[in-house]
Amino acid sequence: MSQKTTNAPDEVQAEIYKKREKIYPREVHGMFARLRVAAVLALLGLYYVIPWLHWNGQQLVLFDLPARKFHIFGLTFWPQDFFFLAMLLVVAALALFLFTTLAGRLWCGYACPQTVWTEVFLWIERRIEGDRPRQMKLDKAPWSARKLAIKGGKHVVWILFSLWTGFTFVGYFTPIHELAVKLLHLQTGPWETFWILFYGFATYGNAGWMREQVCIYMCPYARFQSAMFDRNTLVISYDEGRGEPRGSRKRDEDYKAKGLGDCIDCTLCVQVCPTGIDIRDGLQYQCIGCAACVDVCDQVMDKMGYPKGLIRYTTENAMQGKGTRVLRPRIVIYSIILLIIAAGLVYGLATRVPMQLDVMRDRNALYRETATGLTENVYTLRLINMEDVAHRFVLTAEGLEGLRLVADQDVFEVPGGAVVTLPVRVQVDPVHLETASSEIRFTASALDKPELHRSQTARFLGPVTR
Amino acid sequence: MGHEEQLKDIPRIQKVVSVLWPSFLTAGVATILFFTAFDPVDLGMLLGVEQLERLEAYSIGFFLFWMLTSTSCALTCYFRKPCDEFNRGQGHQR
């Protein structure tokens, strides 16, 4: 790149390094703003509170990576349960598709962490720097002690909030009470410290500095969401037929006689937009569907005494005076697939047996003969108790006539969350063996919980006797 | 506007992000899949490393994956450079 020669290098340089114009979203009040604040409070409240909650002496939600166990609402998941996580992700993706088709970018406008944390950072910024005009004035002003104090104060609050966010994040992966004690004594482990700082920095960078650029350049969903849109999808639209030609006018003027539409061209819809677009140019990829422009335009319409809804949530069909169909093939298909997979997930969770039995044949010998003339195979069984309480298991084997299972104990106690390895021998009179290799079946069942049992098949090898 | 000019129009932030961000996402997925299948403590025993902290292994594993995936993203960007630019760089104006 550096060797390239062009006719106007300065111009090209300026273009490549053109700094993005900083967006100062104006504060907005109204129904959708209140909805978003409610979503922010609910989601962030959950985020910061959940790791502190306990259930039966166990952190309610803990993705215990060091112990390779996930504790979620009293259930304990092991790496063997990865299937459920994959199913859950499929359900989440399908739900996102369904809601996008129905109501556009609801996720972006109200629930996305980027939106939610940016909203908090904007709130902090407004409390410290003031509203939009004051922020712009402050940025234009030369550096002074006052500006330094205001800007510095804002960043200190941002950083503290980010660090708390990072700490909470790590608290989902390592017990948060212990982490808090360690943090107070400045004794967090090197990687715990690293991830607190990493996530804190990501929060500070994304919500403080990157903001709408995350949605525009980094978000994969933003790139493909339009594929789920159709003419009946709820989107934010400017009613061009009603608004144009736009123009300023006095409040009590007969603007229709002047040939003007309802848009007074106050540009408030542009000023409140967090991604800095003009919704009057039509639906754009940058629009995250936050409805700030709807709120602010409705207020203006109220003040002017015009009907609300010059910018509104509507569908392309409704905008053109056609009816909007909610039940359409796309919606029905998404809903059916979603229901089936969600039902499968619930069924899978309800019938999940929280134990695992693995059988490994002894590799050193195919079989051996005992002193009494029986054929003997040796196996190693691995029993995993995936629950947090201890269980007592009995072991049985079947599949061959006169089969005898020889183990050190009759009943095995497996502590909660433990893995026990058992060497066992299986003996059969060779007259009952019809082939060199037969299938046998081991079953481990908990004595104290009848529904807790698992079976596993294995090969039994022996001499061919007939 | 030609492809080359369009490439130049991409803001710098988008160029940086297009290398570091997709690789971050795929490295995250790779880390989850890899360490779901393999317990780092078992791997450590195979390699003769004792006293391996799992959190440490996950973190290092993630950054190794990220290095790998970001290298691949960077190479993609590198090979996207239009051929004309090479000719011009060597002074062969067409």
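Each chain gets a letter, A, B and so on, in the order its sequence line appears, and its residues count up from 1. This one's a predicted model, so the numbers in the text were calculated from it and none came from an experiment.
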Please state whether the side chain, the backbone, both or neither of A/Q80 comes within less than 4.5 Å of a heavy atom of chain B. neither
Looking only at non-hydrogen atoms, find the nearest pair between B/T36 and A/R68 and report the distance. O-NH2, 3.3 Å
Side chain to side chain contact (heavy atoms under 4.5 Å, CB included) between A/L65 and B/R54, worked out: CA-CA 7 Å; A/L65 288 180; B/R54 284 204 180 107; over 6 Å; no
Using a 6.0 Å cut-off, check whether atom [atom1] of [X] has over 12 heavy atoms from anything other than its own residue.
X: B/M67; atom1: CE; answer: no
X: A/F201; atom1: CZ; answer: no
X: B/F38; atom1: CZ; answer: no
X: A/F83; atom1: CZ; answer: no

Compare all side-chain heavy atoms of B/I13 with those of A/M210 and state whether any distance is below 4.5 angstrom.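 In short, these two side chains touch, coming nearer than 4.5 Å.
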Looking at side-chain heavy atoms only, is the closest gap between B/L25 and A/P220 below 4.5 Å? yes
Walk me through whether A/W195 and B/S59 qualify under side chain to side chain contact (heavy atoms under 4.5 Å, CB included). CA-CA 9 Å; A/W195 287 112; B/S59 308; 2.8 Å; yes
Please work out whether the ring planes of B/F24 and A/F198 are parallel, tilted or perpendicular, with thresholds of 30° and 60°.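 Ring orientation, 0 to 90° scale: parallel.
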Once rounded to the nearest 0.5 Å, what's the spacing between atom CD of A/E192 and atom CD of B/E53?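 That separation rounds to 8.5 Å.
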Examine distances only and state if a side-chain atom of A/W191 and a backbone atom of B/L55 form a donor-acceptor pair shorter than 3.5 Å. no
Could you give me the CA-CA distance, side-chain angles and deciding distance for A/Q213 and B/V17, then say whether side chain to side chain contact (heavy atoms under 4.5 Å, CB included) is met? CA-CA 10 Å; A/Q213 298 181 92; B/V17 153; over 6 Å; no
